[in-house]
Amino acid sequence: MCGICGFVGPRDDAVLGSMARSLQHRGPDAQNLWSNEVASLGMRRLAIVDIESGEQPIFNEDRSIVLVFNGEIYHSPQLRRSLQRKGHDFRSDHGDGEVIPHLYEEHGEKFAEHLHGMFAIALWDVGRRKLILVRDRIGIKPLYYAHVGNSLLFASEIKALFHHPALRKNPDFQSLWHYFSFKNISSPHTAYTGIRQLSPGEMAVFADSSLRTNRWWQLRFRENLEISATEAATRTTELLSDSVKSHLLADVNVGAFLSGGVDSSAIVALASTLSSTPIKTFTLIYDHGHIGKDEDRRYAQLISKQYRTDHFEYVLRPSDLEEELDNVITSFDEPFSGVISTFFLSKFIARHVKVALSGDGADELFGSYLPHRLSVPLFCYRALLATHSSIEHNRAMLVPFDDEIGYLSQLAMRGDEASARMAQYVFDDASKHSLLSGDFFRIEHLELTETLTRLLYSRSRTGDPLNRSLFVDFETLLPDQVLAFVDRLSMAHSLEIRPPFLDHRLVEFTSTLPAHLKIRGSTVKSILKTALQHILPSPVLERPKEGFIMPINDWMMTHLSGLLDSVLSPNQLSGHGLFKTNKVLEILSQFRSGQRAFASQVWTIFMFQLWWNKHFGN
């Protein structure tokens, strides 16, 4: 894992540093080792741009501004030329991060607004004795911090912070409560008391032992109801093409994920057109095949053949998962029960390239998941009920759920859109009350997940039901789950993954598109598919969404069955008293009886228990 780490305190004018697996094997003299290592301003970096002279930390001309950062600034050549015209001198040949201290000199705390890329930044202003931490707009790169006494600790990984002796490892049961719904911990919170994560587009400023934070960027939906489908498709193509071009900037070979779906295929098609050499592409397939995923291989090969990529396949076996599960848990530092297959494919890709493009983010921009598909039909169903209109005569308004009136009725009866969304999470609040015990109910003011979800909907500031749903995912699912597993599981193998769909210019443009351009009837990501018609074959555009998942459900019934019994045994569960043991065993029994709807609940409990055992024992 490459990233940043350091601290600033009352006895340290500029104790600011960056390193890879910072301070992970320290003994009793951790305080001195921390200070020495950070103050030395040393670093091991994953060199992608300006390999020879782009080392960190980075300074301005008189060394009054010190910077360490993780990520990439894609338009750094243009910024560099602009800054040079204003009289700024650069030490490196073309290091992308070197533009940041000079931008700070020009724009002060508004410097991040001029950056185009993915980044976690720590900048120390020596003269003002001020530390500035910044996370990129979308939340592609993580940044954690802890305000301990008069000091501020910060790092790209939580594990680095715990090597400081002043920080104690205690679970945050409020955050863990939400985990059992979301499958992840949501920023700005973490699984530990006293440790926070910067939210996407957030800045923290630490000076005179005080800390303030603010969101310097946040997605706003302002629908342009006048835009035509042709205009929207043309602009989408232009922005995505430009993004892919900028994401190819590197001094090393760049590869690409290729699942055979629309999103990754689009990135491969555009990258292949823009690259002067064949792109290396990588597909994950499963030992003995898997229902719903067998087609990935065929479609990926179709795209590879059309664009003449240098194609590789990795076969994942159940034994691989069991052998590496502890390393997966280690990569996260927090409980996580989302997709983890990226760990295995990244390990394979890292043997061939240091950078890989991905199709991540398209689902959250253009609409694809069940809550997205449900948003407009459910909105219309409620409207029909409110006006006492005939459901039967207005079924066309409910497509693609026009034959599932009972399901829409069930969701509508739960209450508002936040209540309906809870039915689509792993556990709703009522289910968690039946499952959880002990310290969860010693929280003085327990915030229900439905309350948090309703707050997110209220912040969306749009009446478009689909865009409201997309906003909720943009604030939670995308940064805290999708981008979290992409970053943690790829950087565990020193592989940098770049998501061109999450260029903030494309993100901001899609926020102006109304629902009917994103999901049309049963066609998800409709305008994106229209934009891609000239570069992708129709079989790929028309294939149903399957997702980048592992056959966990099958493997928990077979190869992982013994491990499940061991980890979720009454003896282990009773060690911490956080679960009602009988309820866990009931859920496990229902799953094994063939009720696959309980699979995600079993996996969520299982991954929590593995994390707890690793960090707190029994």
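Along the sequence shown, residues carry numbers from 1.
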**OP:** With sequence neighbours left out, write down each residue that passes side chain to side chain donor-acceptor pair (under 3.5 Å) with Gln481, or none if nothing qualifies.
**Re:** Asn184

Subject >> Atom CG of Asp208: over 12 foreign heavy atoms under 6.0 Å >> reply: no

Original post:
Does a side-chain N-to-carboxylate-O contact under 4.0 Å join Lys614 and Asp333?
Top reply: no

Subject >> Check: Thr213 and Met203 side chains under 4.5 Å, non-hydrogen atoms >> reply: no

Original post:
By side chain to side chain donor-acceptor pair (under 3.5 Å), which residues pair with Asn582, not counting sequence neighbours?
Top reply: none

Original post:
Salt bridge check: are Asp480 and Lys183 linked by an N-O gap of less than 4.0 Å?
Top reply: no

Subject >> Glu475 with Arg215: basic N within carboxylate O range, under 4.0 Å >> reply: yes

**OP:** Salt-bridge test for Arg421 and Glu417: reply yes if a basic N is under 4.0 Å from a carboxylate O, no otherwise.
**Re:** no

**OP:** Mind checking the CG-NE2 spacing from Leu167 to His147? Nearest 0.5 Å is all I need.
**Re:** 12.5 Å

Original post:
Does a side chain donor of either Gln572 or Asn613 reach within less than 3.5 Å of an acceptor in the other side chain?
Top reply: yes

Subject >> For Gln197 against Arg488, the heavy-atom pair lying closest together >> reply: OE1-NH2, 3.9 Å

**OP:** State the OG-CG distance between Ser319 and Leu316, to the nearest 0.5 angstrom.
**Re:** 8.5 Å

Original post:
Mind checking whether Leu489 and Ile340 have side chains closer than 4.5 Å, heavy atoms only?
Top reply: yes

**OP:** Check the pair Tyr286, Val315 against side-chain contact (heavy atoms from CB on, under 4.5 Å), reporting the backbone distance first and the verdict last.
**Re:** CA-CA 5 Å; Tyr286 299 101; Val315 180; over 6 Å; no

**OP:** Considering non-hydrogen atoms only, spot the tightest contact between Lys583 and Leu435 and give its length.
**Re:** CG-CA, 4.0 Å

Subject >> 4.5 Å side-chain heavy-atom contact, Leu284 and Thr342 >> reply: no

Subject >> Minimal non-hydrogen separation, Ala146 against Ile195, with atom names >> reply: CB-CG1, 4.3 Å

**OP:** Please list, chain by chain and in numerical order, all residues satisfying side-chain contact (heavy atoms from CB on, under 4.5 Å) with Asp172, sequence neighbours excluded.
**Re:** Gln174, Ser175, Thr193

Original post:
Any salt bridge between Asp428 and Arg414, counting N to O under 4.0 Å?
Top reply: yes

Original post:
With a 4.5 Å limit on heavy-atom distance, are the side chains of Ile132 and Trp124 in contact?
Top reply: no

Subject >> Any side-chain donor near an acceptor of the partner, Tyr179 and Glu334, under 3.5 Å >> reply: no

**OP:** Test Gln601 against Phe598 for side-chain contact (heavy atoms from CB on, under 4.5 Å), laying out the working first.
**Re:** CA-CA 5 Å; Gln601 294 189 358; Phe598 290 94; 3.5 Å; yes

Original post:
Between OG1 of Thr449 and CE of Met422, what distance do you get to the nearest 0.5 Å?
Top reply: 5.0 Å

**OP:** Nearest 0.5 Å please: distance from the CZ atom of Phe608 over to the NE2 atom of His576.
**Re:** 5.5 Å

**OP:** Specify the closest pair of heavy atoms between Ser593 and Gln595, including all atoms of both residues, with the distance to one decimal.
**Re:** OG-NE2, 3.4 Å

**OP:** Count the heavy atoms belonging to other residues, nucleotides or ligands that lie under 6.0 Å from NZ of Lys347, then report whether that count exceeds 12.
**Re:** no

**OP:** Check the pair Met491, Ser331 against side-chain contact (heavy atoms from CB on, under 4.5 Å), reporting the backbone distance first and the verdict last.
**Re:** CA-CA 9 Å; Met491 293 301 282; Ser331 299; over 6 Å; no

**OP:** Apply side-chain contact (heavy atoms from CB on, under 4.5 Å) to Tyr145 and Leu152, showing your working.
**Re:** CA-CA 7 Å; Tyr145 65 94; Leu152 187 75; 4.0 Å; yes

Original post:
With no hydrogens and no angle check, do the side chains of Lys432 and Ser181 hold a donor and an acceptor under 3.5 Å apart?
Top reply: yes

Original post:
How about Met118 and Glu496: do any of their side-chain heavy atoms sit closer than 4.5 Å?
Top reply: yes

Original post:
Should Asp136 and Lys141 count as an ion pair when the cut-off is N to O under 4.0 Å?
Top reply: no

**OP:** Check whether any side-chain heavy atom of Arg196 sits under 4.5 Å from a side-chain heavy atom of Leu198, and report yes or no.
**Re:** no

**OP:** On the 0 to 90° scale, with breaks at 30° and 60°, tag the Phe173-Trp612 ring pair as parallel, tilted or perpendicular.
**Re:** tilted

**OP:** Scan side-chain atoms only and decide if Ser337 and Thr604 contain a donor-acceptor pair under the 3.5 Å cut-off.
**Re:** yes

Subject >> 4.5 Å side-chain heavy-atom contact, Leu321 and Val328 >> reply: no

Subject >> Smallest separation among heavy atoms of Val426 and Ser600, with atom names >> reply: CG1-O, 3.8 Å

Subject >> Under 3.5 Å donor-acceptor, His493 side chain and Leu495 backbone >> reply: no

Subject >> Distance (rounded to the nearest 0.5 Å) between Leu436 CG and Asp439 CG >> reply: 11.0 Å

Subject >> Aromatic ring proximity Phe348/Tyr314, centre distance under 6.0 Å >> reply: yes

Original post:
Taking the six-membered ring where the residue is Trp, are the ring centres of Trp611 and Phe616 under 6.0 Å apart?
Top reply: yes

**OP:** Establish, yes or no, whether a centroid distance under 6.0 Å links the rings of Phe182 and Tyr425.
**Re:** yes

**OP:** Could you check Trp177, Phe427, Phe180 and say which one makes a ring-ring contact (aromatic ring centres under 6.0 Å, His included) with His433?
**Re:** Trp177

**OP:** Side-chain contact test, heavy atoms from C-beta onward, threshold under 4.5 Å: evaluate it for Leu357 versus Phe501 and give yes or no.
**Re:** no

Original post:
How close do Ser259 and Ser264 get, heavy atom to heavy atom, and via which atoms?
Top reply: N-OG, 3.0 Å

Original post:
Aromatic ring centroids of Phe485 and Phe332 under 6.0 Å?
Top reply: no

**OP:** Answer yes or no: is there an ion pair linking Glu72 with Arg498, defined by an N-O contact shorter than 4.0 Å?
**Re:** yes

